[in-house]
Amino acid sequence: MAKLSLHKGLKHFSLIAFASLFIYGCGSTPTQVTAPTEKTIELGNITLSASEYLAKAQQAGGSQKQAHQLNALRAALASNTSNDEALIAVLFSQLRGQTMLSDNHSMEWQLLQSLALQRGQQHQKALAILEPQSTWQVPAARWFGYYQHLASVQNYLQLNVQALQSLAQAQRYSPKQQQSELSQQIWALISDLEHQQLTSLMTNDKQLAGWKSLALITKESMQSPTVLRQRVTQWAMENPHHMAVDDLPENLVAAINIQAYAPQKIALLLPLSGRYSRLGQAVQHGIVSNLIAHNTKQELLSFDTMTLGVQAALDQALEQGAEFIIGPLLKQHVAELAALDSDIPTLFLNSSPTPLLENQYTFSLSKEAEALQGAEHIFNQGKKHPVIVSPNNAQGHKISRLFNEKWLELNQGDLTVNPVEAFYFDNDSMLKKTIEKLFETDKSQARINFMRLLVGNKMKSETRSRRDIDAIYLVANPKQTGMLMPSVEVTVSAFAPQVAVFVGSSGNASLDSKQDRSHLNQLTISEMPWFIQQPAQLPPRYIKKLWPDIKQSHMRLFAMGYDAYGLIARLAQMQYFPQFSLEGFSGTLSLNEENDIIRELAWAQYQRGKLIKR
């Protein structure tokens with residue numbers, strides 16, 4: 001089996017399934033399926049142009065004429081030339097009024113209608129048209145292509161469980177030479193399911209049941225390659241006839257054989273003195289707390305990057321036998337260490353300006369990444385016209401640009417969606433004016449003032465605000481966030497619907513103050529799960545007792561350090577299974593293809609002055 005990348009496998013899944021529709025006519029027919037008794041022209045294996053098939057149809061009659069028409073339609077749908085658009089309409093008009101003269105023709109007619117609907121971006125209808133009939137007597141290769149196409153439509157609509165069931169049906173009819181490719185598709189889908197989705201997957205198909213148990217074993221044993229190897233071996237003994245026994249997915253083979261990071265000495269390269277000392281110490285406390293919780297014999301070696309410098313800190317770490325590095329924390333120090341091209345496995349605690357080596361990883365608390373998740377969350381809430389409000393500085397403009405790009409990507413194909421409007425404020429005092437500009441109440445007030453000049457001050461009036469805006473994403477600190485919500489409430493007129501407001505975690509400081517926060521009601525925040533869904537051990541209030549003066553911003557760095565230690569034993573496996581994640585204090589953590597840790601945050605909303613998990 002070719003090396004499987006889940007990202008690439010899913011990306012090309014629909015293309016593979018679509019292509020299979022054009023080649024399944026060449027497949028051999030398994031003995032378990034009865035071949036059609038009626039001799040008909042081969043369908044699906046297109047070798048001529050649409051016009052050539054149509055010419056053949058004009059020379060034939062009955063079943064052969066219909067077969068040539070179906071082949072002409074398939075060829076026209078596969079073509080990207082404008083000349084075939086009119087021909088497609090003509091062929092649909094001809095075929096729509098006909099009774100299909102064989103099971104083979106009925107299947108092909110369903111497939112062609114589905115392909116045409118997909119071509120027109122009507123994917124729900126493309127799925128609805130597919131109704132396989134158990135009484136159809138068609139060659140096995142035809143069934144294989146039919147279920148491949150059905151699975152591709154379901155996968156596009158993110159109906160992954162249904163797509164898996166369709167691929168299981170396809171496996172029953174798969175030619176031997178295509179089983180490896182089919183295995184890749186099944187493994188890509190089933191590995192991407194959440195643990196709960198897997199456990200609730202019910203099937204009577206032995207092959208799919210085997211894939212399910214293999215995927216569960218992988219998820220449950222990923223932390224230990226030794227345990228994973230033992231369980232996969234046992235699985236093979238229990239499923240001797242499974243299609244994957246002799247052809248395991250290569251990323252699973254790699255995970256079995258990989259050596260997980262198990263350093264005995266871990267070097268911490270952190271700013272432990274000077275103006276950034278509290279930041280480095282917060283990270284250090286988090287790492288130490290997790291190490292103590294695991295009761296390991298690993299040794300931590302701490303080096304102050306402010307006093308020593310990055311080069312000297314690295315040299316001393318290597319001299320003392322460090323086998324893994326966590327840090328540096330500051331962006332300029334990350335750039336320095338990345339330029340040294342060290343062979344020692346390293347988890348940078350900030351983004352890197354250069355591409356990472358195979359044994360280098362980044363883990364950061366990025367406002368940009370939070371904004372991208374904000375765009376996706378707002379999209380999933382069904383909002384249509386969000387705006388973004390951010391500081392008028394380089395980072396504010398970058399976040400606005402990335403938010404807009406993500407929004408347009410999420411709404412790709414929707415011609416009614418416009419770019420996200422961005423509004424910037426220079427300082428706190430400008431925030432209220434920015435909100436007035438956003439809702440255009442400043443223009444409304446200007447019109448009122450003009451009318452009063454004409455008719456006098458006794459004129460009754462009320463400012464009106466824009467009604468098209470349905471969401472605001474705010475990039476702000478806690479003080480600015482506290483100013484925004486009352487400004488929105490005052491600015492939006494009584495005639496306009498309520499506007500949902502969203503903000504990243506940097507706008508939340510609920511643990512730093514015991515003041516009533518009712519003025520933030522209805523504000524939705526992306527936040528570290530640690531703050532809003534209390535863990536069984538080490539809750540934030542316990543950390544506040546240990547360090548009463550610790551700020552919430554520093555507690556985020558504590559959580560980051562806690563998770564950084566937890567990632568060490570998982571990073572090597574994460575490279576082979578992008579869906580493998582760690583439920584950390586700072587978020588659900590996974591690894592992308594660039595070796596960057598992705599943090600999926602939790603969402604909460606202020607209700608009656610309290611932050612409630614959503």
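Because only heavy atoms are used, hydrogens play no part in the values below, and waters and symmetry mates are left out as well, while side chains stay in.
- Side-chain atoms of Y146 and Q110 form a donor-acceptor pair, as typed in the model, at a separation below 3.5 Å.
- In this structure, a donor-acceptor pair under 3.5 Å is present between the side chains of S166 and Q154.
- Between the CG atom in L127 and the CG atom in L150 there is a gap of 6.5 Å [rounded to 0.5 Å].
- Interatomic distance, R74 CZ to I88 CD1, rounded to the nearest 0.5 Å: 12.5 Å.
- In this structure Q573 satisfies the side chain to side chain donor-acceptor pair (under 3.5 Å) test with no other residue, sequence neighbours excluded.
- Counting heavy atoms from C-beta on, the side chains of L73 and L95 come closer than 4.5 Å.
- Residues Q69 and Y53 are not in side-chain contact: their nearest non-hydrogen atoms beyond the backbone lie 4.5 Å or more apart.
- E108 has its side chain within reach of L70: a pair of non-hydrogen atoms, C-beta onward, lies under 4.5 Å apart.
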Kindly list each side-chain donor-acceptor pair under 3.5 angstrom involving residues 401-409, sequence neighbours excluded, with atom names and distances?
residue : atom : partner : partner atom : Å
R401    : NH1  : E405    : OE2          : 3.4
N404    : OD1  : V420    : N            : 2.7

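- Between S586 and D563 the shortest side-chain heavy-atom distance falls below 4.5 Å.
- Annotation: the span from N418 atom CG to H385 atom NE2 amounts to 6.5 Å, rounded to 0.5 Å.
- Between R599 and E370 there is a salt bridge, with a side-chain nitrogen of the basic residue lying less than 4.0 Å from a carboxylate oxygen of the acidic one.
- Of the N and O atoms on the side chains of E358 and Q575, not one donor lies less than 3.5 Å from an acceptor on the other residue.
- Inter-residue side-chain proximity for I388 and I399 is flagged as met; some heavy-atom pair is nearer than 4.5 Å.
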As a quick check of understanding, evaluate side-chain contact (heavy atoms from CB on, under 4.5 Å) for T199 and L216, giving each step before the final call.
CA-CA 8 Å; T199 53; L216 282 170; 3.9 Å; yes

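- Relative orientation of the W143 and Y147 rings is parallel, given thresholds of 30° and 60° on the angle between their planes.
- Of the possible donor and acceptor atoms, one in the side chain of Q207 sits under 3.5 Å from a partner among the backbone N and O of M243.
- Looking at S79, its side chain never comes within 3.5 Å of a backbone N or O of A76 through a donor-acceptor pair.
- Between the side chain of D596 and the backbone N or O of N592, no donor-acceptor pair lies under 3.5 Å.
- Counting only residues at least two apart or on different chains, the salt bridge (charged side-chain N to carboxylate O under 4.0 Å, His left out) pairs with a member in residues 196-218 are R172-D205.
- A donor-acceptor contact closer than 3.5 angstrom links the side chains of E238 and Q234.
- Side-chain atoms of S505 never come within 3.5 Å of backbone atoms of E527 as a donor-acceptor pair (strictly under, hydrogens ignored).
- Side-chain atoms of S352 never come within 3.5 Å of backbone atoms of F348 as a donor-acceptor pair (strictly under, hydrogens ignored).
- Without hydrogens or angle criteria, N350 side chain to S364 main chain gives no donor-acceptor distance under 3.5 Å.
- S351 and T362 are not linked by any side-chain donor-acceptor pair at a separation below 3.5 angstrom, with hydrogens and angles left out of the test.
- Judged by distance alone, the side chains of S526 and Q373 never bring a donor and an acceptor atom under 3.5 Å apart.
- No donor-acceptor contact under 3.5 angstrom links the side chains of T135 and Q133, judged on distance only.
- When side chains are defined from C-beta on, V387 does not count as touching Y473, because their heavy atoms never get closer than 4.5 Å.
- Taking the six-membered ring for Trp and thresholds of 30 and 60 degrees, F92 and W109 have ring planes inclined between 30 and 60 degrees apart.
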Please step through side chain to side chain donor-acceptor pair (under 3.5 Å) for the pair Q66 and Q98, ending with a clear verdict.
CA-CA 9 Å; Q66 190 175 78; Q98 297 181 28; 2.9 Å; yes

For L228 and L252, run side-chain contact (heavy atoms from CB on, under 4.5 Å): C-alpha distance rounded to whole Å, both residues' side-chain angles, the deciding distance at 0.1 Å, then the answer.
CA-CA 9 Å; L228 180 61; L252 178 55; 4.2 Å; yes

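- A 4.5 Å side-chain heavy-atom check between F502 and H377 finds at least one atom pair inside the cut-off.
- Between E594 and P355, the closest side-chain pair of non-hydrogen atoms is not below 4.5 Å.
- If you take CG on L164 and CG on L189, they are separated by 5.0 Å, rounding to the nearest 0.5 Å.
- No donor-acceptor pair closer than 3.5 Å links the side chain of N411 to the backbone N or O of V417.
- Under the 3.5 Å distance criterion, with hydrogens and angles disregarded, a donor-acceptor pair is assigned to the side chains of S49 and S51.
- Ring geometry for H242 versus W235: interplanar angle over 60°, hence perpendicular rather than tilted (30 to 60°).
- One N or O on the side chain of T218 and one on the backbone of L214 form a donor-acceptor pair closer than 3.5 Å.
- Remark: the backbone N or O of H149 is paired with a side-chain donor or acceptor of S152 at under 3.5 angstrom.
- With hydrogens and angles ignored, the 3.5 Å screen pairs no side-chain donor or acceptor of Q179 with any backbone N or O of K176.
- Looking at W136 and N104, their side chains never bring a donor and an acceptor atom within 3.5 Å of each other.
- L357 CG to N595 CG: the interatomic distance, rounded to the nearest 0.5 Å, is 9.5 Å.
- In this structure, a donor-acceptor pair under 3.5 Å is present between the side chains of H195 and E220.
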